[in-house]
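Below is one structure, written out as C-alpha cells; comments come after it.
Below, chain A is the first sequence line, B the second, and so on; all start at residue 1.
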There are 2 protein chains.
Amino acid sequence: MNTISTIRQPGSEHDVLTEDTGSSIYERLRDDIIHGRVKANERLKVAELASRMGTSTNPVREALQQLRGEGFVIMTPNRGARVRPIDEEFVRDICEIEVLIEPALTRWFVGIATKADVDELERIQAEIEALNFADEMKHSNLDLQFHRLMYDRHYNRHAVDLWVRHRQILWAISRGFPTSLSRQSNVLEEHCELIACIKAQDPEGAARAIGRHVEGSGRHIIERMRARRF
Amino acid sequence: MNTISTIRQPGSEHDVLTEDTGSSIYERLRDDIIHGRVKANERLKVAELASRMGTSTNPVREALQQLRGEGFVIMTPNRGARVRPIDEEFVRDICEIEVLIEPALTRWFVGIATKADVDELERIQAEIEALNFADEMKHSNLDLQFHRLMYDRHYNRHAVDLWVRHRQILWAISRGFPTSLSRQSNVLEEHCELIACIKAQDPEGAARAIGRHVEGSGRHIIERMRARRF
DNA sequence: TATTGACAAAGAATGTACGATCTGAAAACT
DNA sequence: AGTTTTCAGATCGTACATTCTTTGTCAATA
C-alpha cells in the first residue's frame, strides 16, 4: 500500500546540520564513495573511519552494512569492506536500467494524466526555462518535481523506489559538474516533447522521448566524468 | 511468533561452514520477513532478536542495517526497525521490473550466443525435463543454471545483480509452494520456445518468450500466495 | 646466496557487555 | 478532564575481548 516516503530523502535540504552529529555518517561515507574521494576497491577500515568521523566503531560498522545492502561496498567475511568502484560502467549500467524502467512508468502516466497534471508539468517546465540552469540546486529540485509528478502516483512502488535511488546516485555524481550548453537545450527540448506527447495521448511517443532523455543524461554524465580525469 | 526462526531448513544448500556465523543471522531474518513469519509493519526489537538468535545485539543491529539497505526493513531514528510488508503487490512489482529487464538481457545474449551455448542450454533443458519437477531444490538449481548461462556474461553487472536479488526473493517466497501442472507445462514450453528463438537468431522473439516466462511465473506465485491465505 | 617454509607478532574484523539517551505511555497531580 | 511527571523499555554509543588475517622475521635447505 502506501509505504509512502519511509525512505529517507537525503537530496533536498541537507548540510547545515552537518557537524559530527553522526546522523549522517552513512551519508558522508556514501558521498565519499560516489564522488570518488576514496579510490575504487580501497579497503575501508572501521577503526580508521571511526576516528576520522569522531565516533566509535559501531556506527561506522552499521553504516557500512547499510551501504553493503545498497551495493556501494563489498564485504567479505573477516576481511572487511572494500569500495565498489563508481566508474563510467556503473553509470552506464544504472542508466541502461532506467532506460528500461522510466519509459514504462511514463507510458502508464500518459494513461492517467489529467488536464491539471499537464498544466502543472507546463508550469514547472516554465520555471525551469525561466531559471535557465542558473542555480544547480534549484534546477535539480524543479527537475525532480517534474519527474516526480509523473512517477509518484504509479502503483509499482518498488520501481519508483529504484528510480529514486538511481536518481540520487546520478545526481550525487554529477553534482558540481557543469551542464554543457548542448545538453541544456536538449533537456528543455526533451521535456517539451514529452509534454506534447502526453497532451496528444501518445504513450509510445512519450516513452521514446523519456528514453532519449535518460540516455542523453547518462551520456552527458559519463562525458563529464571522463573530462574530470585530467 | 514464538518459534519464528528456530525451524531448521532441511535442504539448506549452504556450504558447510556458514552454519550459524554472522551472515546467517541476516539470512534468517530475511527469510522470516520474506516468508511472512513476522507480520507486516511489526516492530523488530534487537534485544529480543538477539536472544532468539543466541547472539549479542551487535550482529543483529548490523543485519538489520543491511536489510534496511536492501529495503526489507524500515528504520526510523531512535525508534527501531519495522518489517516492510511482503505481499502480492511486492511480488507483482518485482516481476514487472523483471519483465522489463530480462528481455533486454536475453536480447543481448542472442547476439553473442555460440553453438556451445545452445548445446548447453539444451542439455540443461533435457535434465529439467527428465527431472520433471520431482525435486523442488534440484529443479530450482537447474532453472538457475539455465538462466545464469544467458545472463552471467552480460556486461551490465548491476542489472544482473538486480536479477539475482529478485530471483532469490521470488524463490524464497515460492519455496514450499507446489507448482501447478499447467504451470509446469508452460515452463517447459517457454524454455523450448526460447531455445528455438536463440537458434533462429531471433532476438525479439526470444525477448517476448522470456517476457511471457517471467510474467507467467509471477502470476503463478501470486495465485499460490492467495491460495495460502485460506 | 637465494628461496622457501614455519612461526610469531601486529593489525583488523567480529562478538560481548554495559552505560547513556531517547521514546511512549501509564500514573499522579492540579 | 487535561496536563505534567515518572519510569520502564528500547535504541544508540563507547569500551573491551576474542578471533581471524596479514605481515615480517628467522632459520633450514638446495
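Straight-line distance from the CZ atom of R68(A) to the P atom of dA13(C): 14 Å, rounded to whole Å. Distance, E62(A) CD to dT14(D) P: 12 Å, rounded to whole Å. Taking atom CE of M75(A) as the reference point, atom C1' of dT14(C) lies 10 Å away to the nearest angstrom. M53(B) places its CE atom 18 Å from the P atom of dT14(C), with the value rounded to the nearest Å. Whole-Å rounding puts the L49(B) CG to dC12(D) C1' distance at 16 Å. Per the geometry, NZ belonging to K45(A) stands 12 Å off C1' belonging to dT23(D), to the nearest Å. Distance, L64(B) CG to dT11(D) P: 9 Å, rounded to whole Å. A straight line from CD of Q65(A) to C1' of dT14(C) spans 10 Å, rounded to a whole angstrom.
Side-chain contact, S140(A) with D143(A): no donor N or O sits under 3.5 Å from an acceptor N or O.
Evaluation of the side chain to side chain contact (heavy atoms under 4.5 Å, CB included) rule for V46(B) yields V60(B), R61(B), L64(B) as partners, not counting sequence neighbours. Residues passing the side chain to side chain contact (heavy atoms under 4.5 Å, CB included) test with V99(B) are V214(B), E215(B), sequence neighbours excluded. Residues forming a ring pair (Phe, Tyr, Trp, His ring centres under 6.0 Å) with W163(A) (at least two apart in sequence, or on another chain): Y151(A).
Among residues at least two apart or in separate chains, there is no ring-ring contact (aromatic ring centres under 6.0 Å, His included) pair with a member in residues 39-82 of chain A.
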Protein within reach of the bases, or only the backbone? For nucleotides 16-24 of chain C, mark each nucleotide 5' to 3' as B, S or -, using heavy atoms under 4.0 Å. B-----SSS
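With salt bridges taken as basic N to acidic carboxylate O contacts below 4.0 Å, none links D32(B) and R52(B). Under a 4.0 Å N-O distance rule, the pair E223(A)/R219(A) does not qualify as a salt bridge. Salt-bridge formation is not detected for the pair E27(B)/R30(B): no Lys NZ or Arg NE/NH1/NH2 atom is positioned less than 4.0 Å from an Asp or Glu carboxylate oxygen. A salt bridge between D93(A) and R84(A) is absent, with no side-chain N of the basic residue lying under 4.0 Å from a carboxylate O of the acidic one.
Across its full length, the helix from dT1(C)-dA30(D) to dT30(C)-dA1(D) shows an angle of 10° between the axes of its 5 terminal pairs at either end, rounded to 10 degrees.
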